[in-house]
Number of protein chains: 4
Amino acid sequence: MTRAGQDKAPAPEMAAPRHRGNRWGRSEQARQAVLEAADDLLSERGFAGVTIEGIAAAAGVAKQTIYRWWSSKTDILMDALLQDAAEELTPGDHGDLREDLSDHVSRVAAFLTRSDAGAVCRALIGQAQHDPAFAMEFRARFLTEQRERDRLPFDRAIARGQIPASTDVPSDLDELLGPVYYRALVTGEPIDRQFTDHLVDHYLRRLAR
Amino acid sequence: MTRAGQDKAPAPEMAAPRHRGNRWGRSEQARQAVLEAADDLLSERGFAGVTIEGIAAAAGVAKQTIYRWWSSKTDILMDALLQDAAEELTPGDHGDLREDLSDHVSRVAAFLTRSDAGAVCRALIGQAQHDPAFAMEFRARFLTEQRERDRLPFDRAIARGQIPASTDVPSDLDELLGPVYYRALVTGEPIDRQFTDHLVDHYLRRLAR
Amino acid sequence: MTRAGQDKAPAPEMAAPRHRGNRWGRSEQARQAVLEAADDLLSERGFAGVTIEGIAAAAGVAKQTIYRWWSSKTDILMDALLQDAAEELTPGDHGDLREDLSDHVSRVAAFLTRSDAGAVCRALIGQAQHDPAFAMEFRARFLTEQRERDRLPFDRAIARGQIPASTDVPSDLDELLGPVYYRALVTGEPIDRQFTDHLVDHYLRRLAR
Amino acid sequence: MTRAGQDKAPAPEMAAPRHRGNRWGRSEQARQAVLEAADDLLSERGFAGVTIEGIAAAAGVAKQTIYRWWSSKTDILMDALLQDAAEELTPGDHGDLREDLSDHVSRVAAFLTRSDAGAVCRALIGQAQHDPAFAMEFRARFLTEQRERDRLPFDRAIARGQIPASTDVPSDLDELLGPVYYRALVTGEPIDRQFTDHLVDHYLRRLAR
DNA sequence: TATTAACCGAGACGGTACGTCGAGTCTTACG
DNA sequence: CGTAAGACTCGACGTACCGTCTCGGTTAATA
């Protein structure tokens with residue numbers, strides 16, 4: 001759908017090589033500048049302040065270059081999200097389901113409510129409410145991957161024999177994370193560690209019957 | 001904040017009288033036409049297809065008339081939502097917490113995923129992700145009221161002595177409704193009765209320890 | 001074809017009245033500013049320097065206002081030409097064909113090669129070479145009128161009995177004015193009084209057999 | 001000024017040899033393809049439809065190759081004109097001034113109003129109205145040569161003693177050809193043989209006093 | 001025989017202007 | 001006083017070409 005590249009520069013902290021009129025491909029320099037400009041504009045001026053013209057100006061890039069590689073501003077933000085989200089949202093392995101979940105759920109809460117990438121994520125979920133086609137793209141490009149990461153603690157617990165293999169993980173994920181997203185997206189209520197730990201506690205107590 | 005009027009229809013099911021230059025107040029006819037046009041445009045052309053100009057044209061109303069009474073297209077949709085949501089989302093009283101909750105949670109799910117007013121609601125939640133000021137307005141004008149309705153089953157159960165008065169109702173509401181909103185807003189997964197009943201069941205089982 | 005108005009402000013040297021958000025019609029103020037800006041840009045930066053954006057900026061007018069009333073930059077220049085050309089190109093009446101012609105032909109030469117309006121005229125003739133549809137419009141809106149003016153000396157001479165009523169005026173006009181246009185448009189040769197007087201002289205000598 | 005090559009075709013009617021990477025010189029194949037593509041685009045889509053990108057695409061040539069040899073689209077059209085015009089516009093020698101002129105003037109008329117190369121010529125004259133620098137180039141590269149051809153009948157008549165050596169040929173040319181160009185460029189009036197013959201007749205009658 | 005200079009197609013790049021859409025403001029005539 | 005009408009300024013949209021820049025590939029004169 002979108003030709004946006006996901007690959008990163010082999011060594012991300014190295015400066016992107018100067019673009020030199022290239023037959024084989026796009027300017028990594030321009031790509032990074034665009035993603036960063038989009039991110040900056042979102043946090044400084046809000047979603048309405050993110051415009052293709054604004055990004056182009058801030059990134060020192062021609063509009064046409066943006067349209068060559070991205071189909072819309074949300075497509076750009078999606079790339080920015082994919083580049084940043086994975087590491088912030090990959091659950092660690094503490095060898096224990098409660099600890100893994102407690103850690104991950106509170107990490108998701110912090111991501112959604114406090115991080116820059118989380119702001120991008122919320123903006124895209126917002127856009128998904130306005131545009132069904134984008135909603136599908138969001139799910140295909142981000143959510144599917146994220147759900148894979150979210151379920152890792154469960155998969156490890158199953159492997160350990162801590163919970164039965166028959167566990168309906170997707171459904172349980174909805175119950176655990178739903179309230180977090182609900183607060184982040186709808187009520188705006190702050191999400192503290194106590195709340196997330198209660199969620200985990202209720203879930204584990206239910207498992208234990 | 002907004003000058004939108006909510007009331008005034010002398011006899012709501014009667015056709016509004018043709019407005020003929022009124023010295024003493026706004027045209028109820030124009031108000032209804034605007035709200036309906038906004039609703040129609042949203043369902044037919046999506047959120048981006050809702051424009052002030054489009055609404056004015058569809059409603060046979062001057063742009064200035066819209067700007068006189070509403071501050072933005074989301075303000076209009078808010079009025080439309082408030083007009084429609086209350087009755088769809090007021091929980092009935094079956095004399096039993098499980099039944100009340102089961103009914104209400106599934107009703108919320110249906111509202112969000114299948115009704116026209118629910119589409120308006122999702123669009124506004126989407127907009128809230130893009131605009132913090134609007135998020136506050138959404139919470140003040142719709143969400144507070146809705147949360148009052150949502151908690152009615154709990155209040156009645158407390159009055160009946162079915163659950164302790166110390167119940168942290170807001171928090172429990174988040175746990176019950178969060179997964180529903182999460183599916184509706186984020187994953188797009190369909191929400192069937194089985195899923196909502198599981199939510200209620202898990203909640204009640206936890207209460208019973 | 002174009003909705004551009006030709007009417008002038010009733011008293012042209014009076015400042016156009018301040019535009020005051022008008023139900024019945026366009027802003028005369030904006031109209032004049034656009035025509036003048038187009039003229040200025042043409043003489044200062046050449047035809048390629050005349051852009052809709054440039055005119056809008058110079059006239060302090062929105063692009064949309066230009067597109068509302070004119071279809072292209074040549075349409076604007078046409079209006080500017082029509083507003084200026086008539087007086088510069090209306091032949092005077094000296095009671096004698098030779099004098100009338102001598103005066104008029106040299107006036108046409110001066111117009112084409114030295115006046116600002118003549119520069120507009122040459123630019124439009126240039127555009128007519130590039131765009132057959134515009135060529136037709138040019139002929140309908142300017143040339144027909146101009147040919148009426150050009151033939152006035154002949155009509156008066158016929159009325160006076162100085163030349164026969166059977167004179168093929170259009171054809172004679174081509175012979176008299178053609179060389180002037182040819183020099184102005186093609187060779188760029190300067191056109192002095194001697195050249196135009198020779199043209200008139202040759203024409204009159206031919207008449208006299 | 002322009003690097004456009006005029007020569008080099010070893011045998012012009014032979015198909016140009018396939019270019020296969022050449023150290024010493026440009027690809028005749030590319031050159032011809034560009035000129036033809038420019039011609040085609042002009043006749044099919046008008047002057048505005050002639051773009052460097054369009055020519056490159058139509059000719060199967062890289063933009064850079066065009067920019068290497070020509071400075072602008074008008075520079076290309078100039079080459080195309082020079083390649084085609086000479087033969088169409090060289091007056092024949094019938095041994096008689098009237099016949100030579102009659103033939104040549106009507107040939108010029110046909111060229112301007114009916115031939116493809118004439119369309120190119122008119123387009124360039126049009127461009128000359130928009131761009132004084134180009135006007136000079138047009139005169140230096142095409143018009144000077146063409147004027148040499150135009151005067152041939154006069155030179156031959158002088159050599160024959162048919163007209164005096166003191167004849168002001170350039171001025172007479174303006175009088176003879178001016179009306180033809182005027183009709184072709186300005187009025188759009190068709191130019192038939194009767195009109196051109198009248199021009200010649202009037203000229204010759206004047207000579208004869 | 002291998003090198004290498006000159007030209008080629010390709011296509012990404014930073015720009016400018018295009019023509020369109022909608023936002024939000026303003027003024028008027030009417031009821 | 002509220003309304004329909006509609007012209008206004010402004011900002012962004014997405015597109016088309018501009019002219020510049022490398023790139024890798026192809027050939028033929030030279031080394």
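Values below: every heavy atom of this structure, side chains too, minus hydrogens, waters and symmetry copies. Quick note on labels: first sequence line is chain A, next is B, and so on, each numbered from 1.
- Nearest nucleotide to the side chain of C:Tyr67, out of E:dT25, F:dT3, E:dC18: E:dC18.
- Nearest nucleotide to the side chain of A:Ala62, out of E:dG14, E:dC8, E:dG24: E:dG14.
- Atom-to-atom, CH2 of A:Trp70 to C1' of F:dC13 comes out at 18 Å; the value is rounded to the nearest Å.
- Atom CZ in C:Arg26 sits roughly 7 Å away from atom P in F:dC8 (whole-Å rounding).
- Distance from the side chain of A:Lys63 is smallest to E:dA17 among F:dT9, E:dA17, E:dG15.
- A parallel orientation is assigned to the rings of C:His130 and D:Phe47, their planes being inclined by less than 30° (bins at 30° and 60°).
- Both D:Val61 and A:Ala59 lie close to DNA chain E; mapped to their nearest nucleotides by heavy-atom distance, the more 5′-ward contact belongs to D:Val61.
- Residues from residues 47-54 of chain C lying near DNA chain E, meaning a heavy-atom separation below 4.0 Å, are C:Thr51, C:Ile52, C:Glu53 in numerical order.
- Counting only heavy atoms from C-beta on, C:Arg68 has its side chain closest to F:dC8 among E:dG14, F:dC8, E:dC8.
- Rounded to whole Å, atom C1' of E:dA23 lies 12 Å from atom CD1 of B:Ile76.
- Distances shown here put every side-chain N or O of C:Ser27 at or beyond 4.0 Å from the OP1 or OP2 atom of F:dA7.
- Interatomic distance, C:Phe134 CZ to C:Thr74 OG1, rounded to the nearest 0.5 Å: 4.5 Å.
- Where C:Lys73 and B:Gln64 each meet DNA chain E at their nearest nucleotide, the meeting point lying more 5' is that of C:Lys73.
- Between the CD1 atom of C:Ile66 and the C1' atom of F:dT9 there is a distance of 12 Å, rounded to whole Å.
- Interatomic distance, D:Leu81 CG to D:Leu77 CG, rounded to the nearest 0.5 Å: 8.5 Å.
- Taking atom CD of A:Glu28 as the reference point, atom P of E:dA12 lies 15 Å away to the nearest angstrom.
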